[in-house]
Asks: 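Would you mind keeping the following structure in view while I ask a few things?
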Amino acid sequence: MSFDVAQIREDFPILHQEVHGKPLAYLDNAATAQKPRQVIDALARFYERDNGAVHRAVHALGARSTEAYEGARATVARSLGATDPREVVFVRGTTEAINLVAAAWGRSRVASGDELVITEMEHHSNIVPWQLLCDAVGARLRVVPVNDRGELLLEELDAILGAGTRLVAVTHVSNVLGTLNPVREIVERAHAAGALVLVDGAQGVPHMPVDVRELGCDFYAFSGHKVFAPTGIGALWARREILEELGPWQGGGGMIASVSFEKTTWAGVPERFEAGSPNTGGAVGLAAALEYLEAAGPGAVERHERALVEYAEPALRAIPGLRLIGEPADRASVLSFVMDGIHAHDLGTILDREGVAVRAGHHCAQPLMERYGVPATVRASFALYNTREDVDALVAGLHAAREIFGA
Ligand code: PMP
């Protein structure tokens with residue numbers, strides 16, 4: 001099936017509305033993405049027909065829910081190129097996945113004097129959990145810098161990696177710069193130094209084919225809501241042999257083999273990491289979203305979005321006073337910029353009046369803002385349903401802003 005954006009747009013009811021009397025151009029996909037009818041219907045169907053408590057079910061609805069939940073796990077595994085569904089842990093999203101690794105793996109595998117490596121372009125959710133871990137165990141956080149174009153300085157990574165490095169945690173795609181990082185190369189270098197690699201895939205899965213075996217990483221985290229699924233669901237993929245060796249991070253129902261006041265023993269994986277009643281409906285929605293993406297074709301989605309970025313980039317550059325933040329050679333789906341004389345938040349507000357939804361702020365990447373010497377940027381981020389018309393509306397809105405501000 002060829003990629004037909006008009007047909008795709010038909011699947012997303014929310015896109016067909018006016019905002020402030022203008023057709024909506026939704027360009028805030030890096031923050032959260034919209035949901036196709038197929039996902040909304042799957043949720044409705046689940047709650048209308050199947051909803052029950054999962055695992056140890058003695059009634060039909062519980063059994064159906066368990067089947068749906070475990071089926072969703074298999075779908076997540078397949079969409080990441082993993083062969084074993086037991087390598088998938090359901091979580092609330094990328095943030096929780098990283099906190100899980102920092103707690104379950106970090107607290108038991110990282111000791112005083114060890115080092116953890118992140119990069120200058122990480123989202124706060126791939127910074128703060130490691131700072132908390134370092135504070136708790138006495139480890140040291142090292143940071144790989146970026147160049148002016150917004151690309152990682154891999155020679156600096158080589159200089160940082162050493163016998164004490166336990167983990168490299170890196171984003172697949174920067175949510176500010178759009179940089180697509182050379183994950184496989186990073187993995188090779190980290191593994192050669194004896195370190196594991198966690199990939200923050202929040203901006204990866206929605207925009208391109210992802211294959212964890214090809215990437216070679218040890219952990220891969222992503223959020224459902226950015227990949228056309230509901231909020232409150234996401235997944236951590238981890239190599240089974242790593243998961244098997246770890247103790248739990250949260251205690252409660254569902255994560256034990258047996259409990260007594262004298263001694264409690266743990267369930268196998270992944271249940272050991274899923275304490276409490278899970279977000280079954282969310283998992284059903286996530287599976288429907290990943291199936292939707294699979295049908296659209298992740299490779300075709302990537303090509304479509306790259307073409308949009310290539311269409312948008314020169315048009316933005318041609319706007320007097322506009323400066324793109326980050327110009328990486330390999331860019332996926334995100335453009336950030338600032339404009340002389342107009343604060344990013346004012347720009348965002350004016351664009352909203354034109355029906356154009358963008359994000360303005362630090363994008364939970366304050367160290368990166370500091371690196372570029374800006375307090376905030378405007379960020380336009382694309383998804384499979386965006387069109388050249390959306391880009392044209394953005395560019396027209398920016399020209400209108402210049403006139404309003406006399407910039
Ligand atoms: N990492 C990156 C690169 C992100 O863009 C985001 C969301 N903006 C996150 C992590 C956090 O995702 P969530 O809030 O869904 O946990």
Side-chain angles (χ1 to χ4, degrees), residues 26-35 76 89-103 118-132 143-144 146 150-152 167-181 183 186 197-208 210 215 217 219-237 249 279 282-283 285-286 289-290 305 325-326 328 330-336 348 357-369 371 376-383:
Y26 187 79
L27 295 173
D28 194 18
N29 297 286
T32 200
Q34 302 304 346
K35 323 303 173 196
V76 173
V89 183
F90 281 120
V91 288
R92 280 192 296 133
T94 308
T95 303
E96 189 169 73
I98 296 172
N99 277 278
L100 189 165
V101 176
I118 59 171
T119 85
E120 208 170 16
M121 67 169 81
E122 297 311 312
H123 187 279
H124 294 165
S125 66
N126 203 23
I127 301 174
V128 184
W130 307 120
Q131 289 176 322
L132 292 171
V143 181
V144 180
V146 298
E151 297 153 342
L152 291 178
L167 179 83
V168 176
V170 61
T171 193
H172 197 170
V173 173
S174 162
N175 67 312
V176 177
L177 310 167
T179 314
L180 174 59
N181 284 318
V183 170
I186 292 168
V197 177
L198 176 141
V199 179
D200 171 348
Q203 303 297 343
V205 181
H207 306 293
M208 65 195 67
V210 173
L215 293 175
C217 58
F219 304 101
Y220 193 98
F222 74 98
S223 299
H225 70 102
K226 295 183 201 278
V227 69
F228 320 112
T231 43
I233 188 73
L236 170 72
W237 171 86
W249 76 302
N279 182 357
L286 178 57
L290 292 172
E305 292 180 12
I325 300 296
D330 208 354
R331 188 204 288 277
S333 74
V334 178
L335 288 162
S336 271
V358 294
R359 198 137 201 100
H362 55 59
H363 316 295
C364 297
Q366 285 183 344
L368 191 63
M369 296 292 114
R371 162 69 177 77
T377 74
V378 174
R379 177 183 71 186
S381 53
F382 302 100

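Numbering of ligands and ligand atoms starts at 1, following listing order.
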Asks: Pull out every atom of ligand 1 sitting under 4.0 Å from any heavy atom of Ser223, numbered as shown with elements.
Replies: 12 (O), 13 (P), 15 (O), 16 (O)
Asks: Is Arg371 atom CZ crowded by more than 12 heavy atoms from other residues, nucleotides or ligands, each under 6.0 Å away?
Replies: yes
Asks: Just to verify, which of Val128, Asn175, Thr171 counts as forming a side-chain contact (heavy atoms from CB on, under 4.5 Å) with His123?
Replies: Asn175
Asks: Taking the six-membered ring for Trp, is the centroid-to-centroid distance between His172 and Tyr220 below 6.0 Å?
Replies: yes
Asks: Looking at ligand 1, does any of its N/O atoms fall within less than 3.5 Å of an N/O of Gln203?
Replies: yes
Asks: Does either side chain, that of Thr94 or that of Ser223, offer a donor lying less than 3.5 Å from an acceptor on the other one?
Replies: yes
Asks: Can you find an N or O of Thr171 that's nearer than 3.5 Å to an N or O of ligand 1?
Replies: no
Asks: Identify the residue among Thr377, Val334, Leu368 that makes a side-chain contact (heavy atoms from CB on, under 4.5 Å) with His363.
Replies: Thr377
Asks: For atom 4 (C) of ligand 1, find the nearest protein heavy atom and state the residue, atom name and distance (0.1 Å precision).
Replies: His123 CD2, 3.4 Å
Asks: Can you tell me which portion of His225 lies within the under-4.0 Å heavy-atom range of ligand 1? Options are side chain, backbone, both, or neither.
Replies: side chain
Asks: May I ask you to list the atoms of ligand 1 that are less than 4.0 angstrom from any heavy atom of Ser125?
Replies: 1 (N), 9 (C), 10 (C), 11 (C)
Asks: Nearest to atom 1 (N) of ligand 1, what protein heavy atom do you find, and at what distance?
Replies: Asp200 OD2, 2.5 Å
Asks: What do we get for Lys226 next to ligand 1 when only non-hydrogen atoms under 4.0 Å count, side chain, backbone, both or neither?
Replies: side chain
Asks: For ligand 1, indicate whether the residue Thr95 contacts it via side chain, backbone, both or neither (heavy-atom separation under 4.0 Å).
Replies: both
Asks: First locate atom CE of Met369, then atom OG of Ser336, and finally report the distance between them rounded to the nearest 0.5 Å.
Replies: 6.0 Å
Asks: Is it the case that over 12 heavy atoms from other parts of the model lie below 6.0 angstrom from the CZ atom of Arg331?
Replies: yes
